[in-house]
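Just passing along the structure, written as structure tokens.
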Protein chains: 4
Amino acid sequence: MSPPPLRADAARNRERVLAVAQEAIDAGDASLALNEIARRAGVGVGTVYRHFPTRQALLEAVADEPLDRLLEQARLAEAQDDPLTGLARLVRAAVVVETGNAGVAEVLAAPYVADAATEAKKTELFAAAGRVLERARAGGAVRPDLDVGDIQRLVCGIGYAARLGDGDRDERADRYTEMLIAGMRP
Amino acid sequence: MSPPPLRADAARNRERVLAVAQEAIDAGDASLALNEIARRAGVGVGTVYRHFPTRQALLEAVADEPLDRLLEQARLAEAQDDPLTGLARLVRAAVVVETGNAGVAEVLAAPYVADAATEAKKTELFAAAGRVLERARAGGAVRPDLDVGDIQRLVCGIGYAARLGDGDRDERADRYTEMLIAGMRP
Amino acid sequence: MSPPPLRADAARNRERVLAVAQEAIDAGDASLALNEIARRAGVGVGTVYRHFPTRQALLEAVADEPLDRLLEQARLAEAQDDPLTGLARLVRAAVVVETGNAGVAEVLAAPYVADAATEAKKTELFAAAGRVLERARAGGAVRPDLDVGDIQRLVCGIGYAARLGDGDRDERADRYTEMLIAGMRP
Amino acid sequence: MSPPPLRADAARNRERVLAVAQEAIDAGDASLALNEIARRAGVGVGTVYRHFPTRQALLEAVADEPLDRLLEQARLAEAQDDPLTGLARLVRAAVVVETGNAGVAEVLAAPYVADAATEAKKTELFAAAGRVLERARAGGAVRPDLDVGDIQRLVCGIGYAARLGDGDRDERADRYTEMLIAGMRP
DNA sequence: CATGAATGAGTGTTCATTCAT
DNA sequence: CATGAATGAACACTCATTCAT
């Protein structure tokens with residue numbers, strides 16, 4: 001089910017490339033030119049292509065670990081007694097992740113994604129979010145016209161908003177999330 | 001103060017290019033390849049460059065008329081008796097404009113723009129928004145920690161959210177705006 | 001019907017590129033790497049692409065003028081009283097052209113060709129060859145099992161044979177053609 | 001004088017690679033991308049390189065067995081009473097082999113080959129062909145201006161002709177060979 | 001010996017921008 | 001002013017070959 005473990009040197013190269021890609025994304029360069037990534041990582045282009053055949057694959061690999069963290073939060077959100085608290089927790093976690101990582105933001109905003117494992121994670125995340133939302137809606141804690149697609153879009157939108165401009169993005173992420181949650185009330 | 005009026009044929013070319021660029025933006029192609037714009041407009045590339053020296057200039061020219069409409073709305077918002085109603089009106093107008101036009105969205109989200117006239121309009125718009133916001137804040141109608149930069153970012157974020165995915169964007173723009181206004185309450 | 005005449009400089013560039021391509025082909029390098037052609041011709045890559053979007057287009061352009069000469073020979077062959085003499089004339093002309101120009105050889109050997117004008121010339125050439133062959137066959141001057149496809153293949157094969165190795169290719173082309181014509185007798 | 005026998009697994013790998021290469025050549029893919037060959041043969045690229053250091057070496061190895069068959073035919077041709085019949089037999093055998101195997105065709109058309117054993121076989125083949133040709137020429141059965149290089153070139157040319165296009169290549173090989181033999185008469 | 005990851009030169013192709021006509 | 005040919009940097013992608021494991 002899982003791929004064979006990488007050779008030590010291959011794993012090291014893979015990590016280097018991922019790190020450089022993460023840096024590039026953090027620096028706001030979403031173009032991810034594979035030549036440039038290779039140069040900065042100190043590996044040949046071919047090596048980048050071997051590990052990540054497309055820009056999309058690289059992007060999704062960068063998003064993989066944050067997605068896992070987000071899934072963990074989704075599980076905690078589901079375990080929460082109060083549905084609105086759970087929803088708030090999930091939304092906050094998603095916005096925080098997106099604010100700190102434009103790569104995840106792109107993956108979460110995309111309608112579909114190339115890598116099957118990533119797609120599965122997205123599906124699972126949305127499913128969990130759907131369940132949390134449904135509980136909140138059933139208890140009358142949020143507007144009845146909200147669906148899970150709205151949550152996805154609003155989270156992406158708030159993350160986008162928090163990333164705009166200089167200043168303290170995390171502080172903004174918190175405030176905007178608070179406002180979003182408040183705005184969801186019926 | 002204003003540039004000399006264009007020759008008739010020059011003006012016609014300018015309009016053609018603008019129309020084609022607007023179409024391209026509406027179609028979601030924000031790349032604005034100037035060669036392609038020129039081809040579709042039936043003019044030479046050089047002509048496009050003469051009128052719009054940079055991609056930014058073209059983008060801002062396309063945003064010019066929607067910006068004017070938005071400024072008009074800002075004036076109406078200022079004239080409103082109830083400050084929160086005024087703010088809501090302005091936010092709604094901005095989100096609607098952005099939702100229908102990714103070009104304006106980019107111009108509004110940018111920290112600064114190339115064209116002086118466009119910059120002036122943005123400044124005026126933000127000033128008006130600032131006044132409306134200040135009135136609302138003074139009356140305790142909105143959270144005291146909101147500043148005009150937050151409004152700018154949130155409007156852009158909500159517009160971004162409404163544009164994500166298929167379906168009825170305008171309907172989403174309305175609902176999301178409603179939620180945003182509600183979330184602004186203290 | 002004909003394309004607009006090229007600007008003087010454009011025509012000069014086109015000719016340079018063609019000349020360099022012809023040289024490369026003559027030197028036995030059929031790869032026609034467009035970057036390399038551009039470098040040798042002293043023009044930008046983009047210029048080569050503008051004139052010849054594909055390697056195939058360049059190849060066919062190089063073959064254009066020899067094809068015209070061949071068509072002229074085909075007309076003379078048709079005008080010949082004796083059908084076998086006509087056929088011999090045509091075959092000889094084709095082999096000579098192919099021997100001196102591997103580009104034409106490739107175009108003539110290909111099942112179909114990208115450029116419509118080139119395709120038309122090939123079609124016309126084969127039609128003329130077909131008529132000459134038919135007359136010869138009807139007169140019992142050649143084997144009845146020969147069709148125009150055989151002529152095409154054999155001419156290409158003999159051209160290929162004459163180009164193999166060093167030495168006097170034209171001398172070989174003549175002798176081999178003579179043998180081919182002799183071998184066609186019933 | 002001969003290399004040490006291969007280990008059983010090495011021999012098996014060698015055969016697999018050869019088989020795959022033969023398939024690729026038969027399928028008309030003369031590019032012989034060694035990575036691809038390795039993948040199809042289920043071995044690592046390194047293994048292919050160990051056995052066949054260059055593309056040429058692989059090609060010649062593939063040609064080895066057909067060359068042996070051809071040599072056998074050359075011996076039979078020399079044993080033939082009638083020199084022209086012998087020559088015809090040899091030519092026919094060579095064309096048949098070439099028509100069915102573009103790899104041998106390339107080896108036979110090349111001015112020299114990398115592997116010493118292959119070179120020796122080619123030399124022996126040409127020597128035998130030379131003796132057969134000489135007898136025929138001495139008897140006045142063929143044109144006096146034919147030398148063994150011509151035979152090599154013409155055989156390759158006829159093989160090339162027979163391979164051009166779809167249809168029954170073997171049938172064409174027969175007819176073209178017949179014509180070639182006829183054309184060789186003084 | 002076998003493996004396959006790594007390399008990087010080479011090639012194809014696009015496109016923003018300039019400038020001769 | 002308008003045109004569009006020319007430019008060349010930038011990027012995508014491939015593949016023959018080497019070498020650490």
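The model shown is predicted, which means the values in this text are computed figures rather than measured ones. Per chain, numbering begins at 1; letters A, B, ... match sequence-line order.
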Fill in the blank from the handout: Rounded to whole Å, CD1 of Ile37(D) lies from P of dT17(F) at a distance of 13 Å
Completion exercise
Shortest non-hydrogen pair, Arg163(A) vs Ala102(A), comes out as NE-CB, 4.2 Å
Completion exercise
When rounded to the nearest 0.5 Å, the distance separating NE2 of His51(A) from CG of Leu18(A) is 9.0 Å
Completion exercise
Heavy-atom nearest nucleotide on DNA chain E taken for Gly46(D) and for Pro53(C); more 5' hit belongs to Gly46(D)
Problem - Leu34(D) and Phe52(D), any side-chain heavy atoms less than 4.5 Å apart - result: no
Practice task
State plainly whether the residues Glu15(A) and Arg12(A) are in salt-bridge range, i.e. N to O under 4.0 Å.
Solution key: no
Exercise for the section: Name the closest nucleotide to the Asn13(D) side chain, picking from dT7(F), dA2(E), dG8(E). Expected result: dA2(E)
Completion exercise
From OH of Tyr49(C) across to P of dT11(E) the rounded distance in Å is 11 Å
Practice task
Round to the nearest Å and state the distance from Arg12(A) atom CZ to dA20(F) atom P.
Solution key: 12 Å
Handout entry: Residue met sooner reading DNA chain E from 5', once Val45(C) and Gly44(D) are mapped to nucleotides
Key = Gly44(D)
Completion exercise
Arg16(A) CZ to dA6(E) C1', in whole Å, measures 12 Å
Practice task
May I ask you to verify if any side-chain N or O of Thr47(A) is less than 4.0 angstrom from the OP1 or OP2 atom of dT7(E)?
Solution key: yes
Handout entry: Base-pairing mate for dA20(E) - Watson-Crick or G-U, with both contacts under 3.5 Å
Key = dT3(F)
Practice task
Using whole Å, report how far CZ of Arg50(D) lies from P of dT3(E).
Solution key: 11 Å
Fill in the blank from the handout: Checking dA2(E), dT18(E), dA16(F) against the side chain of Ala33(D) (C-beta onward), the nearest is dA16(F)
Handout entry: For atom CZ of Arg39(C) and atom P of dT11(E), their distance in whole Å
Key = 11 Å
Problem - Spacing of Asn35(B) atom CG relative to dC15(E) atom C1', expressed in whole Å - result: 6 Å
Practice task
Output yes when a side-chain donor or acceptor of Glu60(B) lies under 3.5 Å from a complementary backbone atom of Asp115(B), and no otherwise.
Solution key: yes
Problem - Side-chain N or O of His51(B) closer than 4.0 Å to phosphate OP1/OP2 of dC1(F) - result: no
Fill in the blank from the handout: Here the distance between atom P of dT13(E) and atom CG of Leu34(C), to the nearest Å, is 7 Å
